[in-house]
Amino acid sequence: MATFLYRLGRLAFRRRRLVTLLWIVVLAGLGLGAVNTSGNAIDTFTVPGSQSQQALDLLGKEFPQASASGAGARVVFQTADGKKMTSGSAKTEVDALVAELKTAPQVASVSNPYVSGTVSKDGTIAYTQVTYKVAQADVSEAAKDALHKVADEGDKAGLTVNVGGTAVKEKATTGPTELIGIAVAAVVLVITFGSLAAGGLPLLTAIFGVAMAMLSITIATHLWNLSSSAPTLALMLGLAVAIDYALFIVSRYRNELKDGQDPEEAVGRALGTAGSAVVFAGLTVIIALTLLPAMLGFAGKRITKGRLKTGRMRRLERGEGESMGVRWGRFVTRNPVKMLAVSVVGLLALAVPALSLETAMPDDSVAAPGSSARVAYDTVTKGFGAGYNGPLTVVVDARGSGNAKTAAADAVTLLGTTDDVASVSPAQFNASGDVALIRAVPKSSPNSQETIDLVSGIRDHGTAFTKDTGADMMVTGTTALNIDVATKLSDALVPYLAVVVGLALVLLLLVFRSLLVPLKAVVGFLLSLCATLGVVVAVFQWGWLAGALGVDQSAPITSILPIFLVGVVFGLAMDYEVFLVTRMREAHVHGAEPTEAVVAGFRHSARVVTAAAIIMISVFGGFLLDDVLLVKSIGLGLASAVLFDAFVVRMTLVPAVMTLLGRRAWALPKWLDRFLPNVDVEGEKLRHALAEQQDADLESDGRHESLTPASPGRS
């Protein structure tokens with residue numbers, strides 16, 4: 001691996017103009033593809049094999065006019081002056097708007113609030129439900145414009161009109177406030193290197209790579225259903241990770257130049273050593289391995305020069321004094337037991353809130369404050385009750401029953417006597433009269449534990465219901481489907497975590513050729529993960545510091561977040577583990593004593609790891625300013641994860657454990673040593689190969705000189 005990357009780096013350096021041109025061509029091609037792509041991002045999910053999905057599939061066959069799997073919108077009307085919605089002028093205006101909605105593009109059905117009974121008891125609020133013939137991803141701009149046009153017309157007529165639902169789901173967007181992290185990253189890079197050239201290259205390649213990722217996502221929406229948050233997450237992760245990976249390579253390149261290597265050789269060695277760590281920390285980071293060496297080729301030796309270096313930086317470069325990282329490393333190695341105890345106890349204390357983790361799928365209740373969807377949700381809650389924002393669709397499949405109408409009537413009776421059911425609609429039958437559709441409204445909000453228990457309770461009654469009537473009773477609808485998705489994701493968390501931990505052990509076993517180092521790394525990862533989940537729960541679920549962080553209400557954690565954090569925190573943890581411990585192993589391989597090897601790792605990597613962590617925290621923290629709750633929670637989660645993993649686990653717990661283990665940290669059974677392939681992540685084989693090549697070149701030069709005839713006039 002190291003030799004291959006060494007050659008790749010030198011090739012990209014020599015052919016820097018061609019490599020740069022090729023990447024520009026690729027970027028331009030992706031740009032053209034994105035411009036001509038009309039795909040839409042979505043925020044809905046399906047759970048094949050679940051009861052809710054089976055019921056939706058049945059409704060699609062038996063009630064095609066209901067468009068059960070189609071997108072939906074809720075238009076909420078409220079009198080601005082406190083008048084009744086049943087008054088002549090208000091009713092006339094609502095009837096006209098409902099009639100207009102029925103003629104809008106892609107609309108399958110529109111309920112009339114005065115017929116369906118969706119007028120509040122005090123008469124000041126009413127809503128209509130719009131069902132579309134197509135799924136959320138296929139709702140056209142014309143259909144959305146028609147909804148907004150109705151809302152505008154209602155506002156002009158003296159009503160307050162707000163629209164929510166999947167048909168008008170707001171997309172996650174990036175704004176200038178979220179670019180604060182980029183500005184902080186630029187400052188940190190310049191301070192770290194004391195040079196605009198060295199600080200600018202990681203940022204340049206990161207922006208280039210992120211641009212390609214964003215364009216690729218736009219193209220991918222034409223082929224697959226992707227979440228509307230995907231571009232924002234790509235920006236968040238892409239910037240942080242790409243900057244960090246480039247930072248490590250640039251830092252190693254500068255070190256090689258200071259050791260006397262010419263620029264091309266320095267690029268090759270930097271990629272062969274630090275590049276190997278990048279490959280194992282992030283196997284998909286191709287930009288950092290080809291475009292960056294080309295950019296380094298343009299920079300040449302200028303990257304080591306900088307007028308922004310402080311006097312302390314210049315003294316350290318001359319070998320005078322010790323860096324803060326080295327002093328911290330020595331402090332930890334002198335007090336390993338105390339530092340280990342403080343780190344573990346602190347992380348476990350932060351992890352306590354994670355024991356109360358509750359998950360749910362996001363709905364309009366967590367939409368941006370003041371948005372039309374959020375106001376519509378709150379208005380319905382005020383006028384009717386929270387459950388009206390998430391009615392349940394109960395399907396009675398009586399095709400195997402002797403009397404379909406009796407079975408449906410029994411289902412209505414059962415639902416009406418069930419706790420936490422506010423109202424039940426009469427059964428509607430399909431054309432053949434053997435499948436019935438019943439709508440039940442919970443008393444509690446869609447994401448509440450009471451509604452989750454209600455769905456579970458109705459399903460539990462299903463077995464007895466089938467035995468008594470011969471018909472199947474299934475619960476579906478958006479609320480039930482979201483509950484099923486949340487349950488599936490929750491059930492998958494532990495197996496997924498087990499797979500991630502298993503892969504981490506195997507990967508680190510290959511990288512470090514040690515049993516204890518991988519175990520230590522995995523334990524540190526689990527501590528970081530638990531502490532991160534604890535912080536997220538404390539803020540978003542318990543409401544601690546919610547106001548200071550711009551969180552306007554407490555709510556269950558978005559179901560996808562724990563799994564997302566497991567994957568990303570694992571990647572970040574392995575990044576810092578590989579970059580820091582690789583230098584320790586490098587010193588160990590060269591014969592350093594265990595404690596000195598730990599300090600050597602800090603001498604070479606502490607400053608860069610610290611800078612990388614600050615950059616990541618800044619980029620992720622900037623997304624706390626986003627209005628979308630999912631993006632906000634991911635931003636806090638990832639910023640916390642980097643803080644804990646970089647500064648507590650890798651910079652404190654790791655050196656403490658490595659000091660206590662001593663030489664045992666690198667122990668590996670002989671039979672396993674023979675069995676494992678040597679990936680040479682620290683580039684030891686590459687150094688030997690280069691040294692042998694240099695010796696061979698010198699020997700060849702010596703033979704050449706001895707065979708050269710003496711020039712005339714000389715004996």
Side-chain angles (χ1 to χ4, degrees), residues 38-44 56 59-60 63-80 85-86 89-120 125-171 221 225 228 363-364 367-368 371-380 383-384 388-391 393 425 428 437 439 477-478 481:
S38 58
N40 291 315
I42 64 169
D43 286 295
T44 57
L56 278 179
L59 287 176
F63 291 88
Q65 74 282 0
S67 297
S69 59
R74 177 166 292 178
V75 183
V76 183
F77 307 98
Q78 188 175 16
T79 54
M85 293 299 303
T86 52
S89 59
K91 184 176 184 301
T92 300
E93 181 62 28
V94 170
D95 285 336
L97 295 176
V98 168
E100 184 176 344
L101 284 172
K102 290 181 179 179
T103 62
Q106 299 179 318
V107 168
S109 63
V110 181
S111 66
N112 188 309
Y114 303 105
V115 176
S116 59
T118 52
V119 178
S120 62
I125 299 171
Y127 71 85
T128 179
Q129 188 70 34
V130 183
T131 304
Y132 289 83
K133 301 175 183 177
V134 297
Q136 177 195 344
D138 300 318
V139 176
S140 66
E141 290 301 321
K144 296 177 183 178
D145 290 342
L147 276 172
H148 296 308
K149 180 173 178 289
V150 165
D152 291 340
E153 291 176 356
D155 290 337
K156 291 177 181 177
L159 301 175
T160 300
V161 184
N162 289 284
V163 183
T166 58
V168 290
K169 199 74 172 182
E170 295 180 347
K171 295 182 179 180
T221 58
N225 292 333
S228 63
D363 57 15
D364 286 345
S371 65
S372 183
R374 177 64 176 274
V375 174
Y377 184 96
D378 293 340
T379 302
V380 168
F384 303 89
Y388 278 81
N389 285 295
T393 301
S425 68
Q428 302 176 39
L437 184 153
R439 297 194 184 277
T478 301
L481 187 61

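These numbers come from the heavy atoms of this one structure, side chains and all, not from hydrogens, waters or symmetry mates. Source: prediction; values computed, not measured.
- Remark: side-chain polar atoms of S120 are paired, donor with acceptor, to backbone N or O of I125 under 3.5 angstrom.
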Verdict with supporting geometry, T128 and F77, side-chain contact (heavy atoms from CB on, under 4.5 Å): CA-CA 8 Å; T128 179; F77 307 98; 3.8 Å; yes
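- When every heavy atom of P113 is checked against every heavy atom of V94, the shortest pair comes out as CG-CG1, 3.9 Å.
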Derivation and outcome, side-chain contact (heavy atoms from CB on, under 4.5 Å), residues V134 and Q106: CA-CA 7 Å; V134 297; Q106 299 179 318; 3.8 Å; yes
Working for side-chain contact (heavy atoms from CB on, under 4.5 Å), residues V76 and V161: CA-CA 6 Å; V76 183; V161 184; over 6 Å; no
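- When all heavy atoms of R374 and D364 are compared, the pair lying nearest together is CD-O, 3.5 Å.
- When all heavy atoms of A167 and V139 are compared, the closest pair comes out as O-CG1, 4.1 Å.
- A heavy-atom distance below 4.5 Å is not found between the side chains of R74 and V163.
- Taking all atoms of both residues into account, the shortest heavy-atom contact from S111 to Q129 is OG-N, 2.8 Å.
- Evaluation of the side-chain hydrogen bond (donor to acceptor under 3.5 Å, both in side chains) test over residues 151-161, restricted to residues two or more places apart or in two chains, returns K149-E153.
- Here CG of L101 is found 6.0 Å from CG of L147. Values are rounded to the nearest 0.5 Å.
- A donor and an acceptor atom, one from each side chain of R439 and T393, are located under 3.5 Å apart.
- We find the NZ-OG distance between K102 and S109 to be 9.5 Å, quoted to the nearest 0.5 Å.
- F384 and T118 make their closest contact through CZ-O, 3.4 Å (heavy atoms, listed as atom of the first residue, atom of the second, distance).
- Under the 3.5 Å distance criterion, the side-chain polar atoms of T379 are matched with a main-chain donor or acceptor of V375.
- Taking CG of L437 as the reference point, atom OG of S425 lies at 7.0 Å (rounded to 0.5 Å).
- Residues T131 and V107 are not in side-chain contact: their nearest non-hydrogen atoms beyond the backbone lie 4.5 Å or more apart.
- For the pair T166 (side chain) and G72 (backbone), a donor-acceptor distance under 3.5 Å is present.
- D378 has its side chain out of reach of N162: every pair of non-hydrogen atoms, C-beta onward, lies at least 4.5 Å apart.
- Here the closest heavy-atom approach between residue A73 and residue Y132 is recorded as CB-CE1, 4.1 Å.
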